[in-house]
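Down below is the structure, laid out as structure tokens.
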Amino acid sequence: ALLQAPPASLAPAEARLLARCAVMLQRGLGGPAGAVSPGGLLRMWELAAAGGDPQAQLAMGLHSARMRADGSRAPGAGSANFKRATRWLALAAGHGLPEACYALACIYAKPEFSQRNIDTARGWLERAAGLGYREAQLECGLQDWRERREHGRKDVRALYWLQLAARQGCERATQALHKAAPRLQGPLYKWCAALALPAGLAASQPLLAARLELAALFGLSRAEALLLDVASADHGHCLVVDIRASYGRSKRRLVLVEDAPQRQALDRIGRLFAQGGQEGNYRQRLYRLKTMAQTPRSLPCLRTR
């Protein structure tokens with residue numbers, strides 16, 4: 001009876017029921033193979049979509065665009081109708097379906113689409129990423145990373161999206177993170193572990209102790225630890241380590257905040273520095289560090305930068 005109903009006449013509950021039946025039949029769970037013809041199945045999707053079901057609207061949009069959910073071309077005859085597809089997908093996106101937002105991003109980026117618009121495509125892509133769609137988060141991260149030289153701070157934004165995708169198990173995002181923000185190794189970045197500092201350092205020199213804690217947590221070099229401006233470096237998901245204005249031999253780099261303990265420690269240290277205090281210049285901080293350390297000044301770790 002529902003199949004005989006005119007378009008847009010179904011109640012929301014009826015549209016939802018029809019969409020669920022279409023899903024089951026499409027997966028072969030609602031009866032023997034061939035129980036419903038492709039045309040009949042499409043009619044079910046169309047009626048449910050017209051009745052306001054978002055999953056059916058997504059299915060109709062993908063069918064009209066001849067696309068799969070990942071943006072690749074779906075098999076089958078017939079040409080795509082992108083204008084019709086965008087109308088259905090926009091309705092599904094209005095219900096908060098990230099798959100519909102991602103499909104719209106793919107369509108608006110296609111050269112063959114007469115209304116192609118890269119800015120619109122990017123907007124839909126970021127919307128899908130913000131709704132938690134892993135593939136969109138990966139693509140946002142990769143796009144931002146490619147544009148990092150033309151647009152300032154794009155690398156920081158890239159790490160944000162890639163980290164979200166990696167947390168959802170995306171291997172490509174994890175690999176991209178390792179390349180974009182590697183944890184540096186070697187004596188230069190392990191110097192802090194070799195220091196034997198007095199037990200009361202946190203009480204007598206709280207800011208110096210906090211800098212040493214940062215060095216141990218995030219693998220900072222000695223110059224980075226002593227010169228880092230914690231407030232400007234902290235971007236929530238990562239640290240922007242950039243001391244070139246005070247230490248010309250250094251390079252700007254990004255360090256990920258990888259877990260909750262690191263985030264909590266960084267918040268605590270940030271509050272400590274926000275309270276203010278006298279630290280002196282770099283030479284004074286370095287002299288204080290060498291004086292407080294219980295290791296000989298000739299120790300190699302104190303002669304590294």
Side-chain angles (χ1 to χ4, degrees), residues 148-149 152-160 163 177-259 261-305:
R148 67 190 185 280
R149 302 189 189 281
R153 301 290 182 179
K154 278 276 189 174
D155 52 355
V156 175
R157 190 69 174 168
L159 259 61
Y160 170 75
Q163 197 172 46
L177 280 175
H178 289 162
K179 293 180 180 179
R183 279 300 176 98
L184 303 181
Q185 302 295 323
L188 178 62
Y189 298 95
K190 294 182 178 179
W191 63 276
C192 189
L195 295 179
L197 298 172
L201 180 61
S204 60
Q205 298 288 339
L207 297 183
L208 178 59
R211 290 186 177 278
L212 296 179
E213 185 179 357
L214 283 176
L217 280 172
F218 299 104
L220 306 181
S221 71
R222 193 183 64 189
E224 290 170 343
L226 294 178
L227 288 171
L228 187 68
D229 184 337
V230 179
S232 63
D234 186 5
H235 287 259
H237 62 287
C238 73
L239 286 176
V240 178
V241 181
D242 188 0
I243 60 170
R244 292 173 295 178
S246 303
Y247 202 83
R249 286 181 289 170
S250 66
K251 295 182 178 180
R252 180 182 181 276
R253 66 189 185 93
L254 305 180
V255 181
L256 284 174
V257 180
E258 296 177 336
D259 50 38
Q262 286 186 356
R263 181 65 261 167
Q264 293 166 1
L266 195 52
D267 289 339
R268 173 174 47 80
I269 291 171
R271 290 192 297 269
L272 180 63
F273 276 94
Q275 296 172 4
Q278 297 296 323
E279 285 195 280
N281 58 30
Y282 172 65
R283 289 184 178 276
Q284 291 170 325
R285 298 174 195 177
L286 180 59
Y287 175 78
R288 194 176 298 119
L289 173 63
K290 290 183 176 181
T291 302
M292 297 294 291
Q294 298 300 305
T295 53
R297 290 190 182 183
S298 60
L299 193 67
C301 69
L302 289 180
R303 290 189 279 109
T304 59
R305 63 187 179 94

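- In terms of heavy atoms, L272 sits closest to P206 at CD2-O, 3.6 Å.
- Of the possible polar contacts, none joining the R148 side chain to the R153 backbone as a donor-acceptor pair under 3.5 Å is found.
- The main-chain N or O of N281 is found under 3.5 Å from a side-chain atom of Q284 such that the two form a donor-acceptor pair.
- Contact between L159 and A180 at its shortest, heavy atoms only, is CD1-CB, 3.7 Å.
- In this structure the side chain of L226 never reaches within 4.5 angstrom of the side chain of I243, judged on heavy atoms.
- Contact annotation: the side chain of H235 approaches that of V156 to within less than 4.5 Å [non-hydrogen atoms, C-beta and beyond].
- R183 places a side-chain N or O within donor-acceptor distance of the main-chain N or O of L256, the cut-off being under 3.5 Å.
- When side chains are defined from C-beta on, D242 does not count as touching Y247, because their heavy atoms never get closer than 4.5 Å.
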| message | Run the side chain to side chain contact (heavy atoms under 4.5 Å, CB included) test on D155 and R149 for me, step by step, so that the C-alpha distance in whole Å, both residues' side-chain angles and the decisive distance to 0.1 Å come before the verdict. | response | CA-CA 8 Å; D155 52 355; R149 302 189 189 281; over 6 Å; no

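- In this structure, E224 and R253 have side chains that are in contact, with non-hydrogen atoms separated by less than 4.5 Å.
- Side chain of W191 to main chain of A215: no donor-acceptor pair is present (N/O by atom type, distance under 3.5 Å, no hydrogens or angles).
- V230 and G270 make their closest contact through CG1-CA, 4.2 Å (heavy atoms, listed as atom of the first residue, atom of the second, distance).
- Looking at R263 and D267, a side-chain N of the basic residue comes within less than 4.0 Å of a carboxylate O on the acidic one, giving a salt bridge.
- R211 has its side chain within reach of E279: a pair of non-hydrogen atoms, C-beta onward, lies under 4.5 Å apart.
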| request: List the steps, then state whether side chain to side chain contact (heavy atoms under 4.5 Å, CB included) holds for K190 with Q185. | output: CA-CA 7 Å; K190 294 182 178 179; Q185 302 295 323; 3.4 Å; yes

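- With contacts defined as side-chain heavy-atom distances shorter than 4.5 Å, the pair Q205/R285 does not qualify.
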| query | Between L220 and Y189, does a side chain to side chain contact (heavy atoms under 4.5 Å, CB included) hold up when you go through it step by step? | reply | CA-CA 6 Å; L220 306 181; Y189 298 95; 5.7 Å; no

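- Residues L266 and L239 are in side-chain contact: their nearest non-hydrogen atoms beyond the backbone lie under 4.5 Å apart.
- In this structure, R244 and R252 have side chains that are in contact, with non-hydrogen atoms separated by less than 4.5 Å.
- The two atoms that bring F273 and L207 nearest to each other are CZ-O, 3.8 Å, heavy atoms only.
- For the atom pair OG of S221 and CZ of R249, the computed distance is 10.0 Å after rounding to the nearest 0.5 Å.
- Minimum interatomic distance between L208 and M292 (heavy atoms only, all atoms of both residues): CD2-CG, 4.3 Å.
- Atom CG in L227 sits 10.5 Å away from atom CZ in R222 (nearest 0.5 Å).
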